[in-house]
Amino acid sequence: MKIDIVKTIIAIALSALIAYACYSISNYDSLRWIVTIGAFIAIGVPLFLALGATTSNHRGSVLLSVTSWVVALVMIGTNVVFAFCEFSTPAYIITNGIILLIYLLIYRSLYKQDNI
């Protein structure tokens, strides 16, 4: 796996901007920072792997990138929904954590299959 530094910086900046957007649209002051930090992590990981990481096999790289983009869009959707409504912190962490861990499991299995 090769990492492109410029695309990685763009992915981090993009996830920071989306996290700031979640901060801005959240009406609940007590939950604002949870949504901001959670959105940055939950959106940053798939964006980093979608933009910043490539493999030597072009077909495998496209498959991994498409999977990462789909999960990034799902994470953006869930974080925007959480930004608009009041929620409990454990529900937010569990929801984003399960989605992120399942994504990492799928990504790893696809990456491992790609390198065989």
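Nothing here was measured: the structure is a model prediction, and the numbers come from that model.
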Item to complete: Tell me, please, which residues at least two apart from I25 pass side-chain contact (heavy atoms from CB on, under 4.5 Å).
Response: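 Listed in chain order: V80, A83, F84.
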Discussion item. Tell me every residue that passes side-chain contact (heavy atoms from CB on, under 4.5 Å) with V62, counting only those two or more places apart in sequence or in another chain.
Written reply: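 Only H58, V66 meet the side-chain contact (heavy atoms from CB on, under 4.5 Å) criterion with V62.
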Worksheet item: Within a strict 4.5 Å, meaning less than it, do heavy atoms of the T89 and L31 side chains meet?
Response: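 Yes, their side chains come closer than 4.5 Å.
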Item to complete: Answer yes or no: is there a side-chain heavy-atom contact under 4.5 Å between F87 and V35?
Response: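 Answer yes - side chains close enough.
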Practice prompt. Could you tell me which residues satisfy ring pair (Phe, Tyr, Trp, His ring centres under 6.0 Å) with W33, sequence neighbours excluded, listed by chain and number?
Written response: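 Scan of W33 (ring pair (Phe, Tyr, Trp, His ring centres under 6.0 Å), adjacent residues dropped) gives Y23.
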Worksheet item: Does one hydrophobic cluster hold both F82 and V74, with members joined at side-chain heavy-atom distances below 4.5 Å?
Response: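 They do not share one cluster, since no chain of ILVMFWY contacts under 4.5 Å joins F82 to V74.
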Worksheet item: Quick one: do M75 and Y20 end up in the same hydrophobic cluster if we chain Ile, Leu, Val, Met, Phe, Trp and Tyr together by side-chain heavy atoms under 4.5 Å apart?
Response: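 No, M75 and Y20 fall in different hydrophobic clusters.
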Worksheet item: Which ILVMFWY residues can you reach from L17 by hopping between side chains whose heavy atoms are under 4.5 Å apart?
Response: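 Listed partners: none, L17 stands alone.
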Hey, what do you get for [atom1] ([X]) to [atom2] ([Y]), rounding to the nearest 0.5 Å?
{"X": "L63", "Y": "N57", "atom1": "CG", "atom2": "CG", "answer": "9.5 Å"}
{"X": "Y107", "Y": "S65", "atom1": "OH", "atom2": "OG", "answer": "8.0 Å"}
{"X": "I43", "Y": "I12", "atom1": "CD1", "atom2": "CD1", "answer": "14.0 Å"}
{"X": "I10", "Y": "L51", "atom1": "CD1", "atom2": "CG", "answer": "7.5 Å"}
{"X": "C22", "Y": "I37", "atom1": "SG", "atom2": "CD1", "answer": "12.5 Å"}
{"X": "I106", "Y": "L64", "atom1": "CD1", "atom2": "CG", "answer": "11.5 Å"}

Quick one: which residue pairs count as a salt bridge (Lys or Arg N to Asp or Glu O under 4.0 Å) with a foot in [range], not counting sequence neighbours?
{"range": "residues 6-26", "result": "none"}
{"range": "residues 68-97", "result": "none"}
{"range": "residues 14-34", "result": "D29-R32"}

Practice prompt. May I have the step-by-step check of side-chain contact (heavy atoms from CB on, under 4.5 Å) for L47 and W69, ending in yes or no?
Written response: CA-CA 7 Å; L47 280 182; W69 276 109; 3.5 Å; yes
Discussion item. Checking F48 against T8 for the side-chain contact (heavy atoms from CB on, under 4.5 Å) test, could you report, in this order, the C-alpha distance in whole Å, the side-chain angles of both residues, the deciding distance, and whether it holds?
Written reply: CA-CA 6 Å; F48 163 69; T8 300; 3.6 Å; yes
Practice prompt. Mind listing the closest non-hydrogen atom pair of Y28 and C85 along with its distance?
Written response: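 That closest heavy-atom pairing would be CE1-C, 3.4 Å.
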Got a list of side-chain donor-acceptor pairs under 3.5 Å for residues 93-104, not counting sequence neighbours?
{"residue": "T95", "atom": "OG1", "partner": "A91", "partner atom": "O", "Å": "2.7"}
{"residue": "N96", "atom": "ND2", "partner": "N79", "partner atom": "OD1", "Å": "3.3"}
{"residue": "N96", "atom": "ND2", "partner": "Y92", "partner atom": "OH", "Å": "3.2"}
{"residue": "Y103", "atom": "OH", "partner": "S68", "partner atom": "OG", "Å": "2.6"}

